Asks: 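Input: one structure, supplied below.
Only this structure's heavy atoms are used, side chains among them; waters, hydrogens and symmetry mates stay out. Quick note: residue numbers are just sequence positions, from 1. This one's a predicted model, so the numbers in the text were calculated from it and none came from an experiment.
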Amino acid sequence: MASGNSRKELGEHGEHRASEYIRELGFSLVAENFRSRFGEIDLIVSCGEQLVFVEVKTRKTAFGMDPGFLVNRAKQQRIKKTALYFIAIHPEYQNYNFRFDVINIIDWKIEHLENAFQ
């Protein structure tokens, strides 16, 4: 298997695991891999009147760094623009509070960073 494929499969498996985890916390899945011309959001979930835009980072090992650091300012800006676009085309969520979370999956352990950026 080509490394690109295994990396993609690792990411997809991580997103699936993150989706299961977040639903266990009581969130409802609104969208997966939502794309716009601005970027992509891995998971969009809701609970009550809270809408959460989730970036999932999956690694086999920590490699001495926290994958959450991979969500740099440029990536944050793309996620924010995509989130605003999502809200614009889904008016049913316009009055919801929203936040941006990062779920790190390292060696299949989950770390959930709520309000990872604003």
Asks: If I take atom OH from residue Tyr85 and atom NE2 from residue His90, how far apart are they, to the nearest 0.5 angstrom?
Replies: 8.0 Å

Asks: Can you give me the closest heavy-atom contact between Pro91 and Ala88, atom names plus distance?
Replies: CD-O, 4.4 Å

Asks: Looking at CD1 of Ile105 and CD1 of Ile110, how far apart are the two atoms once the value is rounded to the nearest 0.5 Å?
Replies: 5.0 Å

Asks: Kindly indicate, with the supporting measurements, whether the criterion side chain to side chain contact (heavy atoms under 4.5 Å, CB included) is fulfilled by Phe53 and Lys80.
Replies: CA-CA 9 Å; Phe53 300 94; Lys80 288 178 195 178; over 6 Å; no

Asks: Would you say the side chain of Val54 lies within less than 4.5 Å of the side chain of Val102, judging by non-hydrogen atoms?
Replies: no

Asks: To the nearest 0.5 Å, how far apart are CD in Glu92 and OG in Ser46?
Replies: 10.0 Å

Asks: Identify the heavy atoms of Asn33 and Glu40 that sit nearest to each other, and give their distance.
Replies: OD1-OE2, 2.9 Å

Asks: According to the salt bridge (Lys or Arg N to Asp or Glu O under 4.0 Å) rule, which pairs have a member within residues 41-55, sequence neighbours left out?
Replies: Glu55-Lys57, Glu55-Lys75

Asks: Scan the side chains in residues 93-100 for donor-acceptor partners under 3.5 Å anywhere in the protein, sequence neighbours excluded, and list what turns up.
Replies:
residue, atom, partner, partner atom, Å
Arg99, NE, Asp101, OD1, 2.8
Arg99, NE, Asp101, OD2, 3.1
Arg99, NH2, Asp101, OD2, 3.0

Asks: With a 3.5 Å cut-off and sequence neighbours excluded, list the donor-acceptor pairs that the side chains of residues 14-31 form with protein atoms.
Replies:
residue, atom, partner, partner atom, Å
His16, NE2, Glu20, OE2, 2.9
Arg17, NE, Trp108, O, 3.3
Arg17, NH2, Trp108, O, 2.4
Ser19, OG, Arg23, NE, 3.4
Ser19, OG, Arg23, NH2, 2.9
Tyr21, OH, His112, ND1, 3.3
Arg23, NE, Ser19, O, 3.2

Asks: Give a yes or no answer on whether the side chain of Asn72 reaches the backbone of Ala74 with a donor-acceptor pair at less than 3.5 Å.
Replies: yes

Asks: How long is the gap from CG on Leu43 to CD1 on Ile103, to the nearest 0.5 Å?
Replies: 6.5 Å

Asks: Rounded to the nearest 0.5 Å, what separation is found between the OG atom of Ser36 and the CD1 atom of Ile41?
Replies: 7.5 Å

Asks: Is there side-chain contact between Ile44 and Leu51, with heavy atoms separated by less than 4.5 Å?
Replies: yes

Asks: With side chain to side chain contact (heavy atoms under 4.5 Å, CB included) as the test, would you mind laying out the steps for Phe38 and Arg78 before giving the verdict?
Replies: CA-CA 6 Å; Phe38 306 111; Arg78 288 191 300 273; 5.6 Å; no

